[in-house]
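Since the structure is predicted, the reported quantities are computational estimates derived from the model, not experimental observations. Sequence lines set the chain letters: A, B, ... in the order given, protein chains first and strands last, and positions in each chain run from 1.
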Amino acid sequence: MPELPEVETIKRSLAINKGARISRIEVIRPDIIRIRDFEPEAVHGLTINSFRRRGKYLIISLDERESHILVHMGMSGRFYMQEDQYEANEKHVHFIIYLDNGRKMVFQDPRRFGGIWLLRNPDTIICKLGKEPLNREFCSAYLKSIVKDRRIAIKTLILDQNLISGIGNIYADEALFLARIRPDRTAGSLSDEEAVRLCRAIKRVLRQGIEKRGTTFRDYRDGNNNRGGFQEHLQVYGREGEECPVCNSRIVRKRIGGRSSHYCVTCQK
DNA sequence: CTGGATTCCTGCTTGC
DNA sequence: TGCAAGCAGGAATCCA
């Protein structure tokens, strides 16, 4: 599930295509395009100015103002480069951007929870997103302000993309473990000290995730179609029944807000 | 406000 | 071995 560290890793690997010109776009599944401010043919011949990331969105901006391609990987989406002569005959390829540098960028997504946006103004999507967790603006004071008086589970709150953008199920569980806070705690019940811990834990776990080039639990691949490495460092996610790395008690799994959540009943209070 | 259910979808796992 | 059912989940949306 590409979350912030995965999309950041994809973005970094794709950056070598900055300055390349789009020779052609192939739309295999038209319904993968969620918003179509312009037709795909309209960007043929345009140059890629930048690859950026906001939350879990990858933003490809072109030299002609008001031409942006947004990619969201959803659950199982991949966005990777391939040499042009290499035939992409894989399943579930929905969208391909051919470049003039001998490469193409392929969007592949079996479950199709992901999508592509062709936007004049990316702010129409981006402006709804909450703070970037690795930016300064995401601080314990902000976290305290959003948990205040909220009765939802703290895990549900940090997964809310309108409050904090980029955290998904894996990094939510890992951050709460690091902060020693149970995921089903009511957000408003967090002490100031716990909010500070959680804020730090979120930043730490996301930075580690980026450092290890993301988590390949099942589907995720980076922009070179390579696996990530952070799955080797997961403390609780996907480890139900295994020993807690800190206290050796069994890690439990429980559904919270419709998501399976992994935590240690001894370490997390 | 909040939690829960539902929808989208395929592939993997489980049970018979 | 084969088949069907169950499950997983990011985000939007509806309902109680």
Side-chain angles (χ1 to χ4, degrees), chain A residues 1-10 28-35 53-59 70-79 90-95 106-117 119 122 124-133 145-176 182-190 202 206 209 214-221 227-228 231 234 236-241 251-263:
Chain A
M1 309 144 237
E3 308 177 22
L4 186 153
E6 288 73 34
V7 182
E8 180 67 25
T9 303
I10 291 172
I28 296 134
R29 267 202 85 102
D31 62 357
I32 210 72
I33 300 178
R34 301 304 163 85
I35 296 178
R53 180 196 58 75
R54 180 77 170 83
K56 302 177 190 174
Y57 287 87
L58 175 70
I59 307 166
L70 270 63
V71 185
H72 193 293
M73 257 54 81
M75 264 288 294
S76 57
R78 296 176 182 175
F79 193 69
E90 289 184 66
K91 275 186 172 180
H92 310 299
V93 170
H94 308 309
F95 188 90
V106 178
F107 180 68
Q108 181 185 28
D109 184 11
R111 266 161 274 189
R112 275 186 273 149
F113 284 5
I116 306 268
W117 286 254
L119 299 177
T124 55
I125 299 290
I126 296 312
C127 68
K128 297 168 189 158
L129 295 176
K131 295 203 188 303
E132 276 292 320
S145 76
I146 59 174
V147 300
K148 191 172 187 299
D149 298 332
R150 294 296 303 273
R151 295 182 180 192
I152 57 170
I154 184 61
K155 172 167 177 181
T156 307
L157 182 131
I158 64 173
L159 284 173
D160 186 341
Q161 303 300 304
N162 302 309
L163 298 175
I164 312 168
S165 57
I167 301 175
N169 208 31
I170 295 174
Y171 293 96
D173 280 1
E174 294 298 312
L176 286 160
R182 276 178 66 117
D184 55 358
R185 277 270 300 284
T186 295
S189 75
L190 264 63
I202 287 169
L206 292 174
T215 305
T216 298
F217 203 72
R218 177 165 294 172
D219 300 299
Y220 167 71
R221 296 294 185 279
R227 301 166 65 90
Q231 65 278 4
L234 295 176
V236 287
Y237 185 85
R239 303 191 61 233
E240 180 190 14
I251 289 163
V252 301
R253 183 161 74 113
K254 179 188 173 189
R255 288 192 85 77
I256 299 166
R259 326 268 156 151
S260 65
S261 306
H262 314 72
Y263 59 98

- Task: Specify the closest pair of heavy atoms between A/Glu3 and A/Asn169, including all atoms of both residues, with the distance to one decimal.
- Result: OE2-N, 3.4 Å

- What heavy-atom pair brings A/Gly74 and A/Pro2 nearest, and what distance separates the two atoms? O-CD, 3.6 Å

Protein and nucleotides 3-5 of chain B: nitrogen or oxygen contacts under 3.5 angstrom:
unit_1	atom_1	unit_2	atom_2	d
B/dG3	OP1	A/Arg151	O	3.2

- Query: Between atom CE in A/Met1 and atom C1' in B/dT10, what is the gap in whole Å?
  - Reply: 15 Å

- What nucleic acid atoms does A/Tyr237 come within less than 4.0 Å of, heavy atoms only: base, sugar-phosphate, or nothing? sugar-phosphate

- Does any non-hydrogen side-chain atom of A/Met73 lie less than 4.5 Å from one of A/Ile10? yes

- Item | Positive for side-chain contact (heavy atoms from CB on, under 4.5 Å) with A/Ser260, one of A/Arg253, A/Lys254, A/Glu240 | A/Arg253

- Item | Heavy-atom donor-acceptor pair, A/Thr216 side chain to A/Gly214 backbone, under 3.5 Å | no

- On a heavy-atom basis, the closest approach of A/Leu70 and A/Tyr57 is CD2-CD2, 4.2 Å

- A/Arg34 atom CZ, neighbour heavy-atom count above 12 within 6.0 Å: yes

- Taking A/Gln161 for the side chain and A/Gly166 for the main chain, is one N or O donor matched with an acceptor at less than 3.5 Å? yes

- Task: Tell me, please, the opening and closing nucleotides of DNA chain C, 5' to 3', among those with an atom under 4.0 angstrom from a non-hydrogen atom of chain A.
- Result: C/dA8 to C/dA11

- Does the side chain of A/Ser165 come within less than 4.5 Å of A/Glu132's, by heavy atoms? yes

- Task: Would you confirm whether A/Ser76, through its side chain, and A/Arg111, through its main-chain N or O, come within 3.5 Å as a donor-acceptor pair?
- Result: yes

Taking only nitrogen or oxygen atoms into account, show me every contact under 3.5 Å that the protein makes with nucleotides 6-9 of chain B, one pair per line with its distance.
unit_1	atom_1	unit_2	atom_2	d
B/dC9	O4'	A/Arg111	O	3.3
B/dC9	O3'	A/Arg112	NH2	2.9

- A/His94: side chain to side chain contact (heavy atoms under 4.5 Å, CB included) partners, not counting sequence neighbours: A/Arg29, A/Ile32, A/His92, A/Phe107, A/Asp109, A/Arg112

- Query: Which heavy atom of A/Thr215 sits nearest a heavy atom of A/Tyr171, and at what distance?
  - Reply: OG1-OH, 2.8 Å

- Task: Remember a base hit wins even if backbone is also touched, and classify A/Arg253 as base, sugar-phosphate or nothing at under 4.0 Å, heavy atoms.
- Result: sugar-phosphate

- Query: How sharply is the helix from B/dT2-C/dA16 to B/dC16-C/dG2 bent, taking the axes over five pairs at either end and rounding to 10 degrees?
  - Reply: 60°

- Task: Using atom CG of A/Leu163 as one end and atom P of B/dT2 as the other, report the distance to the nearest whole Å.
- Result: 11 Å

- Item | With sequence neighbours excluded, residues passing side chain to side chain contact (heavy atoms under 4.5 Å, CB included) with A/Ala187 | A/Val147, A/Arg150, A/Ile154, A/Leu157

